[in-house]
There are 2 protein chains.
Amino acid sequence: MSSTARGVRARARIEVTAAIKDEARRQLAEEGAAKLSLRAVARELGMASSALYRYFPSRDELLTALIIDAYDSIGAAAEAARDAASGSDPARRWTLVCEAVRVWALAHPHEYALIYGSPVPGYTAPDDTVPAAARVGHVFIGIMRAAQGDACLDRPELPPGLRPEADRMTADLAPDLPPENVTALVAAWAELFGLIGFEVFGQFNRVVEDRKAFFRHAADRLARGVGLMPPQQGEGATPARRA
Amino acid sequence: MSSTARGVRARARIEVTAAIKDEARRQLAEEGAAKLSLRAVARELGMASSALYRYFPSRDELLTALIIDAYDSIGAAAEAARDAASGSDPARRWTLVCEAVRVWALAHPHEYALIYGSPVPGYTAPDDTVPAAARVGHVFIGIMRAAQGDACLDRPELPPGLRPEADRMTADLAPDLPPENVTALVAAWAELFGLIGFEVFGQFNRVVEDRKAFFRHAADRLARGVGLMPPQQGEGATPARRA
DNA sequence: GTCTATAGGCGGATAGAC
DNA sequence: GTCTATCCGCCTATAGAC
């Protein structure tokens, strides 16, 4: 009953919780999130399945914990890349963060599938997951902000029909940035995960071989799209408008 | 034993096969591909589960059939959009095909997840799926080809390190197009499915509201990236290079 | 081609003893 | 907090009758 005893128990609880999540992550890789089973986790851990219910009241709560962990992990990877590149210019920071996100995804394909792949049928993520899910996006917003501060942010065009939505997104996400750049950023954010998802999920099999070089180039193109680099001059033989 | 009887039986077989796939697609929506179960399909169809094995020798064969159907369906939607827009210029054809792919995905989210979402654990698609999977990409290649024929294709830059891979992809996919455009096209192809996937899988919840307008703008930006439109002039206050 | 029956598994979740 | 026992459901796949 001493505070020491409470500390010991609390520590044990944390360790068992971590062991459960570790084993669950292992099984994620083998069976997928849809088939994540408390029973199988318990079996592998040498515990009775009913004992797990003291740690996670249901299968879905365990899933939620894994999702938050995964978002936090990829978010931390993005933040670490940003911090390591703090001396570089914004365009280079952008590319390095993109590459860090890709590296994380390739190193953790099943956790990547859990958070950016198909939703798990019958499961809806609770609001607890939102802050962790936002971390990667915040890193990109921060890079854009710094670029604006350095006055090296090019402003892309915006068609009139998108103006209301652009203003709304801007108010929500980054009121201090121009709506043109916020809109481009949201698009680039989604497109980045298209590139990564195609690589992780195998759509690039038999299509792209040198994926690292391909990705680096694509990330640079995304940086151009959000205004972190000037639009390049085309080398084409003709101006692109039809006669 | 007459040829008529054979015809009747063949027709019945086709109809039952179609009914099985229809019911399986229905269940895909409710339980997901990972839990697709021959038994549940049979139950819903009022058949004995063992009877289904006369049509599909295993669960995986049924899954393969559903995957091929889904690729063919989204491919046909892309081709139909291309054909309907045959009078328009390449940039407009690009955008219309992108929108058709998005519309298909939103109308068939679970089939979309089956082909462009997380891989089904324990299942590997056989080579039979490759031709169907390539249809959407071929539509985009065709649009690029036509643009080149009309001499309205801008050629983006390529860094030296990507040259070998660009040449390799070009030889594989479209030897008659410039490697710069082929590389940009492959990137845009992946990015397109990033945009669509984020919408279908819910990543845009609470972020993008007017998704149709947002997508149209993003698709135009992709068209610019592959050279179907000239790069736009930035309106930014300053040139984008850092001092 | 369809059925019943069967083998040999799997799962979530709870009750109640210790 | 962990256990055993239990309820009740699910699955793939096959054998053999009709």
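Labels below follow one simple rule: chain letters A, B, ... track the order of the sequence lines, proteins then strands, and each chain is numbered from 1.
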Rounding to a whole Å, what distance do you find between [X]:[atom1] and [N]:[atom2]?
X: B:K35; N: C:dC10; atom1: NZ; atom2: C1'; answer: 12 Å
X: B:E15; N: C:dG1; atom1: CD; atom2: P; answer: 13 Å
X: B:L38; N: D:dC10; atom1: CG; atom2: P; answer: 15 Å
X: A:I14; N: D:dG1; atom1: CD1; atom2: P; answer: 12 Å
X: B:L45; N: C:dT2; atom1: CG; atom2: C1'; answer: 13 Å
X: B:M47; N: C:dT2; atom1: CE; atom2: C1'; answer: 8 Å

Does any N or O in the side chain of [X] come within less than 3.5 Å of the main-chain N or O of [Y], such that one atom is a donor and the other an acceptor?
X: B:S118; Y: A:S118; answer: yes
X: A:W94; Y: A:A219; answer: yes
X: B:E209; Y: A:E165; answer: no
X: A:Q27; Y: A:A40; answer: yes
X: A:R168; Y: B:V207; answer: yes

Handout entry: Nucleic acid contacts - residues 51-68 of chain A versus DNA chain D, non-hydrogen atoms under 4.0 Å
Key =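 Within this stretch, A:A51, A:R54, A:Y55 sit under 4.0 Å of the strand.
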Problem - Interatomic distance, B:E191 atom CD to A:F198 atom CZ [nearest 0.5 angstrom] - result: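 Reported value, rounded in 0.5 Å steps: 10.5 Å.
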Practice task
With rounding to the nearest 0.5 Å, note down the distance linking OG in B:S73 to CZ in B:R25.
Solution key: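 Going from OG on B:S73 over to CZ on B:R25, the span is 8.5 Å.
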Practice task
Apply the side-chain contact (heavy atoms from CB on, under 4.5 Å) test between B:I115 and each candidate in B:L66, B:T129, B:I74; give the one that qualifies.
Solution key: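 So, applying the side-chain contact (heavy atoms from CB on, under 4.5 Å) to B:I115 and each of B:L66, B:T129, B:I74, only B:I74 qualifies.
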Exercise for the section: Kindly state whether the ring of B:Y112 and the ring of B:F201 have centres lying under 6.0 angstrom apart. Expected result: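 That pair passes the under 6.0 Å test.
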Exercise for the section: Could you check whether A:L36 gets within reach of a base, just the sugar-phosphate, or nothing at all, counting any heavy atom under 4.0 Å? Expected result: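 If one applies the 4.0 Å heavy-atom cut-off, A:L36 turns out to touch the sugar-phosphate alone, with no base involved.
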I'd like a list of close polar pairs between nucleotides 4-8 of chain D and the protein, N/O only, cut-off under 3.5 Å.
from  : atom 1 : to    : atom 2 : distance (Å)
D:dT4 : O4     : A:S50 : OG     : 2.8

Practice task
Choose from C:dA13, D:dC11, C:dG11 the nucleotide whose nearest atom is closest to any side-chain atom of B:R43.
Solution key: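 Of C:dA13, D:dC11, C:dG11, D:dC11 is nearest to the side chain of B:R43.
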